[in-house]
Amino acid sequence: MSVEEEIVSLGKSMGLEVEERDVNELVEEHTQELTTEEIQELQSQQHTEVMQEIGFEESEEEVISTNEIKEILGMWERVSQIVEKKHPEKVATGRASDLFNDTRPTHFRNILRGRKKQTSLDMFFSKRPTGESEKNVAKKAKSSEDI
């Protein structure tokens with residue numbers, strides 16, 4: 001008996017409506033590897049769900065500057081390095097550090113990534129200086145081609 005068949009029979013024994021094709025489809029979906037972005041999105045969703053379950057509602061985020069975020073991440077990196085070097089329980093501190101790295105600094109890193117993307121888009125879609133018409137832009141482009 002295959003795993004899918006076992007799942008179907010177990011589901012039916014519990015009184016659920018389960019079909020083998022649904023189980024096969026589910027298994028196929030889970031055999032595909034996730035990209036880093038998809039994993040981060042899942043982590044973010046799980047974090048939000050956990051926070052909602054414990055009754056924490058996210059209020060409006062306080063605006064934090066890019067420099068402050070970089071400073072926070074830099075401080076965390078220094079603290080993390082010091083603790084990893086100096087703490088006698090290397091394995092335990094490594095796990096705790098990894099756990100913290102996977103949750104807390106990720107929020108700030110995501111903010112930075114979003115700002116970098118926005119900055120890139122802003123540069124791509126930047127406004128022309130006032131008073132500069134399309135004809136002037138075309139003339140400048142043509143003259144630069146002639147050179």
Side-chain angles (χ1 to χ4, degrees), residues 3-4 6-8 10-11 14 16-147:
V3 174
E4 289 87 355
E6 287 183 41
I7 293 172
V8 171
L10 181 62
M14 295 172 58
L16 302 172
E17 292 181 29
V18 182
E19 294 184 24
E20 191 170 344
R21 66 182 169 157
D22 294 333
V23 174
N24 287 331
E25 184 180 321
L26 182 64
V27 169
E28 284 179 29
E29 287 176 6
H30 287 280
T31 59
Q32 299 170 354
E33 290 188 30
L34 298 176
T35 64
T36 304
E37 290 174 355
E38 291 171 327
I39 293 171
Q40 288 174 338
E41 179 64 29
L42 282 173
Q43 243 180 351
S44 176
Q45 288 174 354
Q46 289 173 342
H47 174 72
T48 302
E49 290 171 5
V50 167
M51 296 309 265
Q52 288 174 348
E53 284 178 17
I54 61 173
F56 177 82
E57 292 184 21
E58 293 186 30
S59 60
E60 288 187 27
E61 290 184 24
E62 181 181 333
V63 177
I64 184 167
S65 74
T66 300
N67 286 335
E68 287 175 311
I69 292 174
K70 288 178 180 178
E71 187 178 341
I72 289 168
L73 293 174
M75 285 188 268
W76 168 247
E77 188 63 33
R78 283 183 292 237
V79 167
S80 177
Q81 288 172 354
I82 291 169
V83 169
E84 286 177 13
K85 287 179 185 176
K86 305 290 182 180
H87 199 281
E89 295 180 27
K90 304 282 185 213
V91 175
T93 56
R95 286 183 187 151
S97 180
D98 289 344
L99 178 62
F100 187 85
N101 275 331
D102 290 344
T103 55
R104 301 300 168 212
T106 301
H107 170 73
F108 296 111
R109 288 185 189 114
N110 289 340
I111 291 172
L112 281 179
R113 279 190 205 108
R115 289 183 183 172
K116 284 181 183 178
K117 286 179 185 176
Q118 184 61 44
T119 301
S120 298
L121 288 173
D122 288 347
M123 290 186 334
F124 183 73
F125 294 113
S126 64
K127 292 182 179 180
R128 290 187 207 121
T130 55
E132 192 169 340
S133 68
E134 288 185 29
K135 290 181 181 179
N136 289 340
V137 172
K139 284 180 185 178
K140 286 180 183 179
K142 186 169 183 145
S143 64
S144 66
E145 288 176 0
D146 294 337
I147 297 175

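Not measured: the values here are computed from a predicted model.
Looking at residues two or more places apart in sequence or on another chain, you find no salt bridge (Lys or Arg N to Asp or Glu O under 4.0 Å) involving E38. Checked against side-chain hydrogen bond (donor to acceptor under 3.5 Å, both in side chains), E77 has the following partners two or more places apart in sequence or in another chain: Q81. For R78, there are no salt bridge (Lys or Arg N to Asp or Glu O under 4.0 Å) partners at least two apart in sequence or on another chain.
Heavy-atom contacts from other residues, nucleotides or ligands closer than 6.0 Å to CE of M75 number more than 12. Within a 6.0 Å radius of CD in E37, no more than 12 heavy atoms belonging to other residues, nucleotides or ligands are found. Atom CZ of R95 has 12 or fewer neighbouring heavy atoms from other residues, nucleotides or ligands inside a 6.0 Å radius.
L112 and K70 make their closest contact through CD1-CG, 4.2 Å (heavy atoms, listed as atom of the first residue, atom of the second, distance). The two residues V8 and V18 have their closest heavy-atom pair at CG1-O, 3.8 Å. Heavy atoms only, all atoms of each residue included: K85 and K90 are closest at O-NZ, 2.7 Å.
Atom-to-atom distance recorded for R21:CZ and E25:CD is 9.0 Å, nearest 0.5 angstrom. With rounding to the nearest 0.5 Å, the separation of CZ in F108 from CD in E71 is 11.5 Å. Summarising the geometry, atom CG belonging to L26 is positioned 7.5 Å from atom CD1 belonging to I7; distances are rounded to the nearest 0.5 Å. With rounding to the nearest 0.5 angstrom, the CD atom of Q43 is 8.0 Å from the CD1 atom of I39. Atoms NE2 and CD1, on H87 and I82 in that order, are 13.5 Å from each other to the nearest 0.5 Å. The structure places NZ of K86 at 13.0 Å from OG1 of T93, a figure rounded to the nearest 0.5 Å.
Of the N and O atoms on the side chains of R113 and N110, at least one donor lies less than 3.5 Å from an acceptor on the other residue.
No side-chain heavy atom of V3 sits less than 4.5 Å from a side-chain heavy atom of V27.
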